[in-house]
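Each chain gets a letter, A, B and so on, in the order the sequences are listed, and its residues count up from 1.
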Amino acid sequence: MFTLVERLPDETVRLTPLARDDGGILVPGDPTTVASRAFADTVRQRESEATRWVWDDTARWYPQLLDEGVLVERCVDLRLCHAILRASSSTVGSRIHEAPRGPYDGPQAAPVDRTALFVVEPESLPDPLAEFLLQREAVEASPHRGALELLLTAESTGALIAAEMRHRGIPWSVTRHDELLVEALGPRPATGERPTLMNGALSEVRAALNAPELNPDSPTELMRALQRAGLPVASTRQWELKRYEHPAIEPLLRYKKMARLLAANGWGWLDTWVVGGRFRPDYVPAAAATGRWGTSGGGALQLPKAIRGAVVADPDWTLVVADASQLEPRILTALARDPAMARAGAGDLYEGIVASGAVATRAEAKVAMLGAMYGATSGDGGRLMPRLTRAFPRAIAFVEEAARTGERGGVVSTLLGRSSPRPGTDVPPEMAVSVGADGRAWGRFTRNFVVQGTAAEWALCWMGALRRALLARYGSGLSAPHLVFFLHDEVVVHTPAAHAAEVAALVSDAATEAGRLLFGDAPVRFPVTVATVTSYSEAK
DNA sequence: CACTGATGCGCG
DNA sequence: AAAGCGCGCATCAGTG
C-alpha cells in the first residue's frame with residue numbers, strides 16, 4: 001500500500017514496503033535495494049500495483065523519473081506533510097506536533113541541472129521511515145483524521161503536479177514575445193542600452209522637469225527632480241504620481257511601464273527562461289503559510305497581462321484556460337454556512353450582493369467583500385462593512401472571530417487543518433514585532449488566513465481531481481492533454497484541439513468535485529469560467 | 001567588493 | 001502615503 005524510498009550514501013535506492021497488519025497497524029516489510037540507474041524501471045513496474053510512493057521531497061525524486069518517462073499516480077511528500085502536521089491544531093498531543101525544527105523543516109530541494117555532464121543525486125533526508133511512522137501516528141490519532149488525510153493527499157498530489165508542469169513547460173512563442181516587446185519598447189537594443197521608445201519618453205520627462213541628466217531609475221534622484229519642479233510628492237509610486245497635473249507625469253508613467261516590462265519580462269528574461277519553446281518555472285508548493293504556491297525564478301506567478309500573448313498552444317493544440325469565479329468569497333460562504341450569501345452566490349456573487357440590497361453597485365460589493373476578508377478599517381472597504389454585516393451576519397462573524405483569535409495571539413486553522421503560525425515563530429521578525437506593537441496586524445493575517453488557506457485547499461483538490469480525470473481519460477502520453485499552468489484560482493490545460501470541448505467539461509466537473517470533497521452538500525456553487533483559446537491573452 | 005534592506009510593481 | 005491579505009523579482013541605496 002505504501003513504498004518508501006530513500007537514497008543511500010552509496011547512491012543506491014532502498015525500497016521499503018509498508019502494509020497494515022491484522023490490527024490495522026502499519027508495518028514495514030523487508031526492504032530491497034536497487035541501483036540508482038535501475039530505479040525508474042522499478043517504479044514503472046510497481047505503478048501497476050497502485051502503491052503510494054513515500055519520499056522525503058518530491059523535487060528530489062520526481063523530475064528524474066519524468067525525464068525517464070515514468071509518471072507516478074500517488075505519493076506522500078514527507079517534507080510538505082511534516083510542515084502541515086507539525087503546526088496543525090488537529091495533531092495536538094502527538095509527538096510530531098510542535099517538535100523542534102529538524103531536517104524536514106528545510107526548503108524544497110533546488111532543481112538539478114540534468115543537462116550537466118555529471119548529475120549528482122543528493123542523499124535523502126535522514127531516516128524517512130521513522131519520519132513517516134511519526135506522521136502516520138499523528139494522523140491516525142487525530143480527531144480530524146479524515147480532513148487531514150485529504151489535505152495531505154492533496155498537498156502531495158500538488159507536488160506531483162508542480163513537477164509535471166515544470167517538466168512539460170508552458171508553451172511559449174519566442175517570436176510572439178519579441179513582437180510584443182518591439183511593439184511596446186521598440187527594437188531590441190544592445191545589452192544595457194535603453195530601447196528607442198523608452199529613450200523617447202525619457203527625453204520628454206527630462207525636458208519637462210528641466211533635468212537633462214536625470215536618472216529616472218533612481219527614486220531619490222527622481223523625487224528631488226519632481227520636487228524641484230514644484231510637485232510635493234512623498235514617493236515616486238504611480239498611484240501617487242497620477243494625482244498630479246504636470247507635463248512630466250504622463251511620459252514618466254509611460255517610461256515606468258516600459259522600464260518594468262523590460263526589466264521583468266524583456267529580452268533578457270526570454271533568453272534566460274524560455275528554452276526550446278517552453279517556460280519551466282520552479283513551482284514551490286506551500287511557499288506561503290496559507291498553503292498557496294509560489295515559484296522561484298522567472299516570476300511565473302506574476303506573468304504580466306501584457307506578455308500573456310506569448311503563451312501560445314502548439315499547432316493543432318489549444319489552451320483550455322479556466323478560473324474559479326469569486327473563489328474566496330464563495331469559500332467564506334461555505335466555511336460560515338451563510339445562507340444569505342449562498343443565495344447571493346447563485347449567479348454572479350457581486351451582483352447577488354447588490355440584489356440583496358446591501359450595497360448599490362457591483363464595484364461596491366467587490367470592495368466590501370475584499371474589505372471583509374482583508375480586514376479593512378477605513379476607505380471604501382471599511383465604510384461598507386456595517387452594511388455587509390447586516391446583510392450577511394454569519395459570514396462576517398466568521399472572519400471577525402478569526403481576527404479576534406489572532407489579536408489574542410491564538411492559532412486559526414483552515415477547513416482541512418492547516419494551522420497558522422503562532423506570532424513570533426517561523427515568521428519574519430518584522431511581523432513578530434508588529435504583533436507586540438499592534439495585535440491588529442496579526443488579526444488581519446489570521447482573518448485572511450482561514451479564507452485564503454481554505455481556498456488554496458479547494459484549488460489543490462480541483463487540480464488533483466482534474467489531473468486524475470485527464471489521466472483516466474487520456475493517459476499520460478505525449479499527445480495527451482496536460483496541465484501547464486496554475487495561478488491560485490486559475491488553471492491552463494494544453495490539449496490537442498480535438499479534445500478541447502471534453503477537457504473544458506472535465507475542468508468544470510473537477511471544480512464541482514472539489515466543492516463536494518471540502519463542503520459536502522452545502523449549498524455553495526463553485527462555478528468556473530472556461531475559455532478555449534490559442535493564446536493565453538485571449539482568455540478573459 | 002558582497003551583502004542587506006527599502007522601494008516599487010507585477011500577479012492572485 | 002494606499003485604505004486591506006498573500007507572494008517574487010529587479011534595482012537602488014547604504015553598510016561593512
Just checking [X]: base, sugar-phosphate only, or nothing, at a heavy-atom cut-off of under 4.0 Å?
X: A:T290; answer: nothing
X: A:A264; answer: nothing
X: A:G375; answer: sugar-phosphate
X: A:K242; answer: nothing
X: A:G299; answer: sugar-phosphate
X: A:E328; answer: nothing
X: A:L370; answer: nothing
X: A:R243; answer: nothing
X: A:A288; answer: sugar-phosphate

**Prompt:** Using atom P of each nucleotide, how far apart are B:dG5 and C:dA3 to the nearest Å?
**Reply:** 22 Å

**Asked** Between C:dC5, B:dG10, C:dA1, which nucleotide has the shortest distance from any of its atoms to the side chain of A:Q302?
**Response** B:dG10

**Asked** Are A:F485 and A:P171 close enough that some pair of their side-chain heavy atoms sits under 4.5 Å apart?
**Response** no

**Asked** With side chains defined as the heavy atoms from C-beta onward, is the minimum distance between A:S413 and A:F449 less than 4.5 Å?
**Response** no

**Prompt:** Below 3.5 Å, does any donor atom in the side chain of A:R292 face an acceptor in the base of C:dC7, or the other way round?
**Reply:** no

**Asked** So, does the side chain of A:Q452 form a donor-acceptor pair with the base of C:dG6 at under 3.5 Å?
**Response** no

**Item:** A:R176 side chain to A:V311 backbone, donor-acceptor under 3.5 Å
**Value:** no

**Asked** What do the steps show when you test A:W172 against A:W269 for ring pair (Phe, Tyr, Trp, His ring centres under 6.0 Å), and what is the final call?
**Response** CA-CA 12 Å; A:W172 203 278; A:W269 182 93; 5.1 Å; yes

